[in-house]
Amino acid sequence: MCVQDGNVASVMCSYNEVNGVPTCADPNLLRNTVRGQWKLDGYIVSDCDSVGVFYNTQHYTTTPEQAAADAIKAGLDLDCGPFLAQHSEDAVKQKLLNEVDINNALVNTLRVQMRLGMFDGESSVQPFGKLGPKDVCTPSNQELALEAARQGIVLLKNRGVSLPLSHRRHRTVAVIGPNSDATVSMIGNYAGVACGYTSPLQGIGNYVKTIHQLGCANVACRDDKLFSAAIDAARQADATVLVMGLDQSIEAEFRDRTGLLLPGRQQELVSKVAKASKGPTVLVLMSGGPIDVSFAKNDPRIGAILWVGYPGQAGGAAIADVLYGTTNPGGKLPMTWYPQDYVSNLAMTDMAMRSSTHRNYPGRTYRFYKGPVVYPFGHGLSYTNFVHTIVNAPLVVTVPLDGHRRSGNATVLGKAIKVNHARCNKLSVGLQVNVKNTGSKDGTHTILVFSIPPAGHWAPSKQLVAFAKVYVLARSEQQVGISIHVCKFLSVVDRSGVRRIPIGLHHIHIGDVKHSVSLEAATLGVIKS
């Protein structure tokens with residue numbers, strides 16, 4: 001989908017081996033699949049030093065020249081790193097590589113450079129030739145960073161009316177936690193230089209008077225030396241905001257977490273502060289991955305929980321806007337939040353997606369995992385309420401088959417059709433969904449459309465098949481059209497890697513609303529609504 005539908009200009013091959021072959025040396029993947037089958041119109045680049053890694057570390061080849069030759073002949077066009085520059089010429093001299101192979105790689109790279117106008121003369125007179133640092137920190141770009149942070153915040157819990165906070169009732173806020181005055185850690189890694197930072201403390205301080213205490217010296221939180229000052233701050237303030245979670249010292253490239261709980265004694269600090277707080281307690285979590293915060297979810301003294309990811313340079317302003325209701329949160333969790341027990345029962349070297357009872361294997365992702373969760377994929381609350389109604393949807397969709405696919409190999413016992421045996425084209429299920437905002441606040445809502453396919457031992461429990469974002473004014477409604485491509489999104493992949501369309505009832509879920517559509521096979525026919 002990225003290559004064909006997204007029309008990308010570049011694909012990167014990774015470090016790992018698949019079936020014993022490094023991806024950057026795999027002609028079946030790079031030349032046959034990515035460029036041949038998917039018709040990549042661009043260049044293939046290595047992840048940085050991948051070619052050097054498969055020679056030096058994985059020992060896939062016995063000489064560096066053979067490694068360079070294998071990579072280029074497999075379809076690699078550009079090396080991120082010095083390896084090909086150092087060894088390709090000797091590979092040609094040793095007759096491991098032909099000049100035509102190098103020319104092919106150059107053509108793929110140079111064509112993209114030509115598209116960018118890099119050979120069109122003096123760069124300063126080209127459309128992008130005058131761009132510089134001054135164009136990075138423009139007011140519109142900085143506003144975009146703030147809006148991206150606002151839209152990325154997920155409201156996980158809001159007990160009663162804990163949030164939004166009130167300017168009138170919550171005039172002093174205790175801001176506590178190792179991430180409470182975070183700046184650089186808000187941009188995660190693989191980030192550029194920020195134009196400037198607004199920390200959570202600064203953001204909240206733009207709304208009200210603050211009392212600041214770290215509580216923990218850093219996110220590792222190895223001792224309780226700063227606990228008492230934090231607890232005293234919570235006793236004094238009208239409301240307490242704890243900004244906890246992770247940073248690059250806990251999770252980063254080459255640094256894996258060993259568990260899902262908050263690091264060190266963070267949980268203890270949160271519980272003690274919440275117990276002492278005279279006003280509502282809000283837990284704000286910074287992290288890239290899920291955290292098991294079951295204790296906070298189940299603690300009535302913790303009124304609200306926000307997950308903000310690593311929200312970027314304007315993260316503190318966005319957090320404050322959500323806390324005080326200037327922004328109505330509409331983010332949804334992009335991953336399942338598992339309990340700590342999940343990683344205890346899952347070997348990190350086992351890549352199987354599907355659960356297995358006889359192996360006591362829980363499976364991976366919302367599509368196959370059926371165990372308990374802290375918060376599910378797609379979870380996210382709002383300060384208002386949205387009600388869905390499916391206004392119009394087909395009951396039956398007929399899947400036409402290729403005329404020469406009438407024999408038994410087109411279906412498996414009549415229960416599924418191979419996608420490459422169907423006339424997919426624009427075959428889709430069209431839905432008209434009404435979204436009503438029954439609350440008192442305007443808000444943005446993301447409609448998540450899930451499908452539960454007919455039962456099968458290789459079918460997922462459910463899968464996301466469509467989504468749409470809609471802004472709805474308070475006490476008003478909007479109608480949204482949603483199209484679900486049958487072959488792309490109502491198909492499943494069997495154990496052999498063959499994509500099939502299950503025949504029978506597919507149950508469509510949008511929130512609490514359900515609709516069933518029957519897919520039927522026919523050698524001739526059209527969609528029947």
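Please read all numbers here as calculations on a predicted model, not as lab measurements.
Atoms OG1 and CE, on T183 and M186 in that order, are 6.5 Å from each other to the nearest 0.5 Å. Here M351 contributes atom CE and M348 contributes atom CE; the two are 7.5 Å apart, rounded to the nearest 0.5 Å. To the nearest 0.5 Å, the span separating CZ on R475 from CG on D442 amounts to 10.5 Å. Put simply, CZ on R301 and CG on D299 are 4.5 Å apart, with the number rounded to the nearest 0.5 Å. If you take CG on L285 and CG on L283, they are separated by 4.0 Å, rounding to the nearest 0.5 Å. In this structure, M12 CE and T23 OG1 are separated by 10.5 Å, a value rounded to the nearest 0.5 Å.
Counting only heavy atoms from C-beta outward, the side chains of V433 and V391 never approach each other to under 4.5 Å. A heavy-atom distance below 4.5 Å is found between the side chains of P290 and R257. In this structure, the side chains of L155 and I153 stay at 4.5 Å or more apart for every pair of heavy atoms. The shortest side-chain heavy-atom distance between I44 and L78 does not fall under the 4.5 Å cut-off. Using a 4.5 Å heavy-atom threshold, the side chains of M353 and T365 count as touching. Using a 4.5 Å heavy-atom cutoff, the side chains of N179 and S185 are in contact. Considering only heavy atoms from C-beta on, F295 comes within 4.5 Å of V270 through its side chain. The shortest side-chain heavy-atom distance between L246 and V219 does not fall under the 4.5 Å cut-off.
Residues L490 and S451 share a closest heavy-atom pair of CD2-OG, 3.6 Å. In plain terms, the two heavy atoms of H170 and Y324 that are nearest each other are O-OH, 3.2 Å. For the pair S10 and L40, the tightest heavy-atom approach, listed with the atom from each and the gap, is N-CD1, 4.5 Å. Heavy atoms only, all atoms of each residue included: A304 and N158 are closest at CB-OD1, 3.9 Å. Of all heavy-atom pairs between Y342 and P362, the closest is CE1-CG, 3.8 Å. What you find for P372 and P339 is that their closest heavy atoms are O-CD, 3.2 Å.
By the 4.0 Å N-to-carboxylate-O rule, E251 lies too far from R255 to be salt-bridged with it. Between D238 and R171 there is no salt bridge, since no side-chain nitrogen of the basic residue lies less than 4.0 Å from a carboxylate oxygen of the acidic one.
In K370, the NZ atom is not crowded: 12 or fewer heavy atoms of neighbouring residues, nucleotides or ligands sit closer than 6.0 Å. Sparse packing is recorded around CZ of F467, with 12 or fewer heavy atoms of other residues, nucleotides or ligands lying under 6.0 Å away. Around CG of D5, the count of heavy atoms belonging to other residues, nucleotides or ligands within 6.0 Å exceeds 12. Within a 6.0 Å radius of NZ in K130, other residues, nucleotides and ligands contribute 12 heavy atoms or fewer. Summarising the local packing, NZ of K436 is surrounded by 12 or fewer heavy atoms from other residues, nucleotides or ligands at distances under 6.0 Å.
Under a 3.5 Å cut-off, the side chain of Q202 and the backbone N or O of S199 do form a donor-acceptor pair. S382 places no side-chain N or O within donor-acceptor distance of the main-chain N or O of N385, the cut-off being under 3.5 Å. Between the side chain of Y15 and the backbone N or O of C24, no donor-acceptor pair lies under 3.5 Å. Although no hydrogens or angles enter the test, the distance criterion places a donor-acceptor pair under 3.5 Å between the side chain of W307 and the main chain of S287. In this structure, the side chain of S162 engages the main chain of R159 through a donor-acceptor pair within 3.5 Å. Side-chain atoms of Y197 never come within 3.5 Å of backbone atoms of G316 as a donor-acceptor pair (strictly under, hydrogens ignored). Listed for the S491 side chain is a donor-acceptor partner under 3.5 Å among the backbone atoms of C487. Although no hydrogens or angles enter the test, the distance criterion places a donor-acceptor pair under 3.5 Å between the side chain of R364 and the main chain of D350. Panel note: side chain K157, backbone A296; a donor-acceptor pair is recorded below 3.5 Å. Side-chain atoms of N141 come within 3.5 Å of backbone N or O of D135 as a donor-acceptor pair.
Tested against I291, the residues L261, I305, L262 include a single side-chain contact (heavy atoms from CB on, under 4.5 Å) partner, L262.
Between S14 and D47, the side chains place no donor N or O within less than 3.5 Å of an acceptor N or O (distance only, hydrogens not considered). A donor-acceptor pair shorter than 3.5 Å can be found between the side chains of E477 and N434. For the residue pair T326/Y207, the side-chain donor-acceptor check at 3.5 Å is satisfied. Counted by atom type alone, S516 and H507 present one or more donor-acceptor pairs between their side chains at under 3.5 Å. In this model, no donor atom of one side chain and acceptor atom of the other lie less than 3.5 Å apart for D247 and Y310. No hydrogens or angles considered: a donor-acceptor pair under 3.5 Å links the side chains of Q151 and K469. Between the side chains of H212 and T210, not a single donor N or O lies within less than 3.5 Å of an accepting N or O. Judged by distance alone, the side chains of E253 and Y190 do bring a donor and an acceptor atom under 3.5 Å apart. Side chains of N437 and T384: a donor-acceptor N/O pair is present below 3.5 angstrom, by distance only.
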- Message: For a side chain to side chain contact (heavy atoms under 4.5 Å, CB included) check, start with the C-alpha distance between E17 and Q58, then their side-chain angles and the critical distance, and finish with the verdict.
- Response: CA-CA 9 Å; E17 296 179 353; Q58 295 169 320; 3.7 Å; yes
- Message: Please evaluate residues F450 and Y366 with respect to the criterion ring pair (Phe, Tyr, Trp, His ring centres under 6.0 Å), reporting the C-alpha separation (whole Å), side-chain torsions for both, the decisive distance (0.1 Å), and the verdict.
- Response: CA-CA 11 Å; F450 291 94; Y366 78 96; 5.8 Å; yes
- Item | Verdict with reasoning, C195 to Q313, per side chain to side chain contact (heavy atoms under 4.5 Å, CB included) | CA-CA 7 Å; C195 302; Q313 66 174 45; 3.6 Å; yes
- Message: I'd like to know whether L260 forms a side chain to side chain contact (heavy atoms under 4.5 Å, CB included) with Y338, so could you lay out the CA-CA distance, the side-chain angles of the two residues, the decisive distance to 0.1 Å, and finally the verdict.
- Response: CA-CA 8 Å; L260 295 177; Y338 301 96; 3.9 Å; yes
- Can I510 and L448 be said to form a side chain to side chain contact (heavy atoms under 4.5 Å, CB included), step by step? CA-CA 6 Å; I510 304 174; L448 299 178; over 6 Å; no
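Ring centroid separation for the pair H445 and H388 comes in under the 6.0 Å cut-off.
Between H379 and Y375, the ring-plane angle classifies as parallel under the 30° and 60° cut-offs.
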